[in-house]
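Each remark here refers to the structure printed beneath this line.
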Amino acid sequence: MAGGILAARIAEHGIHPRTGDRLKIALMDMGPYFKGDPKPGYGIPLRRQKYVNLPGEDDFEKSTPWGTICGIGGQSLHWGAQALLPSEEDHEDWVAETGVDWSYEKLTDARFEITEMFHISPEPEELMPPGAFRFRDAAVKMGYRLQRYPGARLNCIRCGYCRMKGCRFDCKSSTLVRYIPIAERNGVRILPDTTVEKVILEKKGAGAVARGVYYTQGGSAQEARADCVILSCNSRGDSVLLFKSGYGPRNKVKDLIAENSNVGGNARMSLLYADHGLFDEPVKRGDLGWDVNFYFVERGPNGHMNLMVRDMYGQLGSLGNNPTDMALHEMAPDLGREHKQFMKKWLGFGSVELMVGREDYVRGEIDPTGRAILNPNHPEVLKRLQEGRELARDIMLKMGAKKTTDLKRPIELRVTGITGTPGPCRGGADRSNSVINSDFECHDIENLFICDNGVIPKLSSTENYGAATAMMACHAWRRIVAKHFS
Amino acid sequence: MDTESKQSAQREHLSREQALQDAVEIEPENFSRRDFLKTASAVAASAAMAGPSWSALAAPAVDRHAVVAALGDALIPSDPDDPGYKDLEPYKITEEVLKALPGVSDADLELLNEKSKPRFGGKSFLELSGPEREQYLRQIVDGSAVADAKELETLRRVFRNTRRRVFTLYYSNFPEHQWPKDRNGMAILKPGDQHQITNPNTKELVTAWDQIGFVGALTWEEEERRRNIVKKVHWHENWSPLNFATAKPQKE
């Protein structure tokens with residue numbers, strides 16, 4: 001997500017501080033590049049041909065060893081475009097936790113830029129499914145204050161295939177279709193199918209200096225020397241690359257050059273769960289779909305263990321929300337005509353999603369293979385989610401649901417390859433609690449910058465790190481250009 | 001079932017097995033022609049490998065295809081004007097199911113086929129009527145089909161795995177569920193296609209998506225329809241990322 005933004009804007013605005021020349025920037029990614037200026041609402045032939053949008057199938061064959069997508073555009077090719085930006089409370093939490101200078105006010109320009117560039121806006125009511133209004137009305141009657149959930153889409157024709165699929169129509173905002181065209185026009189050299197193996201580090205005192213990268217392209221090992229290196233490989237990729245390069249905790253790094261126990265540590269994750277309801281009338285629209293429409297937050301004690309509850313009646317066909325998923329759902333009858341009749345209520349089958357935010361129970365780390373070692377099933381988290389399930393069930397019954405997921409089914413949260421994990425390269429006041437400073441400079445390694453979801457200390461008000469990461473990148477390029485390339 | 005009854009049932013089972021064996025060995029002409037042909041082919045295969053012997057004339061091997069086809073039909077039955085699993089047999093749905101049916105061996109299917117007999121008048125699963133098959137499968141689900149816990153576990157596994165595979169395949173819109181791709185993962189387009197359409201569903205056959213109202217990847221007509229709707233609500237024609245200017249940060 002972040003790499004495309006950084007490359008584009010630094011190339012656009014940065015100059016060599018000594019010579020005043022335009023910068024030479026290379027953007028490397030393990031995956032392919034589906035190049036072409038965007039046509040939002042229509043798409044271009046190359047991407048339309050690539051993104052087949054078959055339910056149950058991923059549009060991307062190539063993934064990293066830890067399960068995230070490869071390709072120019074990164075995870076932004078694959079996200080669901082849910083774009084609730086961090087709240088003021090999130091920023092306060094960051095400052096309080098690590099001392100990083102990322103206040104809500106300081107990131108105003110970044111927030112404004114990403115809102116415009118990603119076209120972050122709520123779903124118009126004319127396009128919402130009937131379930132969204134029933135959800136809203138039921139929750140309002142229960143005394144909750146509903147808000148409209150923003151999405152990062154432009155000219156979206158509502159195919160319903162956002163989540164974990166490529167967008168055939170260039171509607172879903174990604175760095176590929178919003179920033180890479182800028183990068184191209186500002187001379188960024190884009191190197192797809194290129195794997196960075198290591199950052200070249202030279203020891204300097206207790207730390208090091210980054211001098212470039214070793215990379216593999218077309219089966220051949222190569223080296224690129226650079227005045228600075230910016231890592232945007234996702235929290236897992238950054239951790240793995242830093243370990244391989246000789247930087248991190250002593251017990252994870254084979255040939256240690258510089259030590260920092262925070263690299264790969266302090267990992268957090270979104271704690272999400274969904275329950276379904278079956279309705280006799282449609283809650284989804286068969287003709288238009290996206291994802292989320294309305295949400296509300298039930299605050300926990302002292303503003304902790306908050307519960308976000310949101311309707312998902314816009315989902316149609318994305319991974320996890322297609323006819324096969326419905327056929328195998330626990331609510332589905334075992335067999336026979338009963339099952340067939342159940343399936344014919346496809347438009348009456350939808351979910352409410354829950355998120356527990358602002359918790360301090362689930363923390364973990366990234367191991368040297370990129371696996372996230374976290375146990376999200378803390379009893380307090382499960383207890384809060386179970387309360388949320390009861391609330392969701394009440395709402396769905398008030399909406400007229402004939403059946404809802406069995407509340408006795410135990411909750412089991414899982415960490416997968418695509419689970420976002422902020423924290424492993426987090427920003428903070430000093431190296432005792434963080435990996436980078438407020439200007440995205442690595443504490444221990446000169447000329448090394450890091451910016452992606454790993455730099456965010458934690459995220460409580462929103463479950464999706466995509467928009468938050470993009471916002472951080474919009475702040476990062478400003479800081480990097482101001483301090484180093486003006 | 002209490003111990004005595006269980007033992008009695010086992011004795012009955014064994015005696016029936018023995019009776020079957022005896023019949024095979026002594027009175028092969030008492031079999032149905034189908035059984036005979038199956039047995040004969042099993043014997044021929046065995047003889048080709050190890051020479052003829054009486055042990056080769058065992059109970060006929062289960063017809064894997066037949067049992068899975070019957071399971072599929074029970075899972076998704078057919079009615080006039082409402083097709084089901086067996087309407088897709090001309091398109092070889094059972095062959096497709098069998099390509100990826102883990103954890104279901106021939107012995108497992110044979111067990112499922114045989115274990116209906118005590119409760120359904122001696123009829124195997126394949127011999128049951130449609131409603132009887134459904135009843136038997138429900139007994140497997142609720143645990144009343146057999147007394148032996150290990151057998152029940154096997155029967156449930158067979159049911160679960162087959163159910164998962166059949167529903168996954170059927171509701172992915174078989175046989176119109178895939179789109180061919182080249183070695184680079186790019187969709188192979190139909191000749192003359194100007195719009196890169198990759199929806200495998202057609203009007204030629206009623207499949208799962210037609211039955212439930214699932215649209216799938218958009219056709220060109222559907223795209224245009226939706227574009228026309230959204231254009232009336234919120235649209236920025238010719239938007240470009242190059243149109244949004246950002247100020248250069250001040251040097252520090």
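In the text below, chain A, chain B and the rest are named by the order of the sequence lines, each starting its count at 1. Treat the numbers as computed from the prediction; the structure is a model and nothing was measured.
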**OP:** For E330(A), look at atom CD and say whether over 12 heavy atoms of other residues, nucleotides or ligands are found less than 6.0 Å away.
**Re:** yes
Original post:
What part of L127(A) is in contact with chain B, defined as an atom under 4.5 angstrom from a non-hydrogen atom: side chain, backbone, both or neither?
Top reply: side chain
**OP:** Kindly give the heavy-atom pair with the smallest separation between N184(B) and K50(A), and that separation in Å.
**Re:** O-NZ, 4.1 Å
Subject >> Toward chain B, the part of P124(A) with a non-hydrogen atom under 4.5 Å >> reply: side chain
Subject >> Part of A247(B) within contact of chain A (heavy atom distance under 4.5 Å) >> reply: backbone
Original post:
With a 4.5 angstrom heavy-atom cut-off, which part of H177(B) approaches chain A: side chain, backbone, both or neither?
Top reply: backbone
Subject >> Y85(B) portion near chain A, given a 4.5 angstrom heavy-atom threshold >> reply: neither
Subject >> Verdict with reasoning, Q196(B) to L46(A), per side chain to side chain contact (heavy atoms under 4.5 Å, CB included) >> reply: CA-CA 9 Å; Q196(B) 303 82 41; L46(A) 175 67; over 6 Å; no
**OP:** Go through the atoms of Q250(B) and report whether side chain, backbone, both or neither lie under 4.5 Å from a heavy atom of chain A.
**Re:** backbone
Subject >> Segment of I197(B) engaging chain A (4.5 angstrom heavy-atom cut-off) >> reply: both
Original post:
For K231(B), is it the side chain, the backbone, both or neither that has a heavy atom under 4.5 Å from a heavy atom of chain A?
Top reply: side chain
**OP:** Could you tell me whether the side chains of Y42(A) and E237(B) share a donor-acceptor contact shorter than 3.5 Å?
**Re:** yes
Original post:
Checking L75(B) against chain A: side chain, backbone, both or neither under 4.5 Å from a heavy atom?
Top reply: both
Original post:
Between R226(B) and D287(A), is the closest basic N to carboxylate O distance under 4.0 Å?
Top reply: no
Subject >> Salt-bridge contact D82(B)-K344(A) (side-chain N to carboxylate O under 4.0 Å) >> reply: yes
Subject >> Criterion side chain to side chain contact (heavy atoms under 4.5 Å, CB included) on F167(B) and T324(A), from CA distance to verdict >> reply: CA-CA 7 Å; F167(B) 281 159; T324(A) 302; 6.0 Å; no
Original post:
Is there a side chain to side chain contact (heavy atoms under 4.5 Å, CB included) between W209(B) and N322(A) once you walk through the steps?
Top reply: CA-CA 10 Å; W209(B) 290 358; N322(A) 58 60; over 6 Å; no
**OP:** Could you tell me whether K345(A) atom NZ has more than 12 heavy atoms of other residues or ligands within 6.0 Å of it?
**Re:** yes
Original post:
R225(B) versus chain A, heavy atoms under 4.5 Å apart: side chain, backbone, both or neither?
Top reply: side chain
